[in-house]
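First up is the structure itself, then whatever we jot down about it.
Below, read A as the first sequence line, B as the second, and so on, with proteins coming before strands; counting in each chain starts at 1.
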Amino acid sequence: MANWLLKTEPSVYAFEELVRDKKTAWDGVANNLALIHLRAMVPGDRALVYHTDDERAAIGTAQVTSKPYADPNAGDPKLVVVDVKPVKKLPRPVTLAQMKANPKLEGFELFRNSRLSVVPVTDTQWDLIVAMSQT
DNA sequence: GCCAACGTTGGC
DNA sequence: GCCAACGTTGGC
């Protein structure tokens with residue numbers, strides 16, 4: 001079991017839409033490293049949903065509900081997706097600025113490679129971010 | 001197979 | 001709106 005952070009542009013597909021849809025295939029990932037992470041996912045993995053653009057904050061949690069599979073809407077079998085379902089909206093969003101200001105999150109892959117859309121999250125980082133959302 | 005040029009992403 | 005970082009493409 002692992003934890004991940006999934007980036008999305010709220011103008012394209014926001015967490016609220018996932019809540020509304022109940023589940024979705026997390027598609028649109030083309031970056032190779034991000035695809036490697038996707039292929040490493042197993043059902044039950046947890047994910048933080050993070051909004052880019054103006055929000056720049058983790059907004060909710062989700063769960064991986066399927067194994068990785070080839071994106072049925074893409075011709076390329078290398079492009080994989082997983083199904084995710086919403087778990088809950090965070091009590092309050094945790095902004096990128098807050099995360100960066102927390103010395104315990106130093107070295108977070110999200111900062112190291114800001115352009116990666118699927119980012120691994122350690123248990124410690126997960127717990128910290130969830131705790132930060134409650135304060 | 002290398003690398004310069006170019007495009008895209010995301011943070012500021 | 002700008003720019004840094006990174007990935008991809010295409011010519012050689």
Quiz item: Counting any heavy atom closer than 4.0 Å, what does Phe111(A) reach on the DNA or RNA strands: base, sugar-phosphate only, or nothing?
Solution: nothing
Quiz item: Contact class for Leu96(A) (heavy atom, under 4.0 Å): base, sugar-phosphate, or nothing?
Solution: sugar-phosphate
Nearest-Å distance for atom pair [atom1]/[atom2], residues [X] and [N]:
| X | N | atom1 | atom2 | answer |
| --- | --- | --- | --- | --- |
| Arg112(A) | dG11(B) | CZ | C1' | 17 Å |
| Glu55(A) | dG10(B) | CD | P | 14 Å |
| Leu110(A) | dG10(B) | CG | C1' | 10 Å |
| Asn31(A) | dG7(B) | CG | P | 19 Å |
| Leu6(A) | dG10(B) | CG | P | 13 Å |
| Asp53(A) | dG1(C) | CG | P | 15 Å |
| Leu33(A) | dG7(C) | CG | P | 8 Å |
| Lys7(A) | dT9(B) | NZ | P | 11 Å |

Exercise. Consider the side chain of Glu9(A), meaning its heavy atoms from C-beta on, and name the nucleotide among dG11(B), dC6(C), dG10(B) that approaches it most closely.
Key: dG10(B)
Quiz item: What nucleotide, of dC6(C), dC12(B), dG10(B), holds the atom closest to the side chain of Arg115(A)?
Solution: dC6(C)
Taking atom types as modelled, is there a side-chain donor on [X] or [Y] under 3.5 Å from an acceptor on the other?
| X | Y | value |
| --- | --- | --- |
| Asp21(A) | Tyr13(A) | yes |
| Asn3(A) | Asp123(A) | yes |
| Trp4(A) | Asp45(A) | yes |

Quiz item: Between Lys89(A) and Glu16(A), is there a side-chain N and carboxylate O pair less than 4.0 Å apart?
Solution: yes
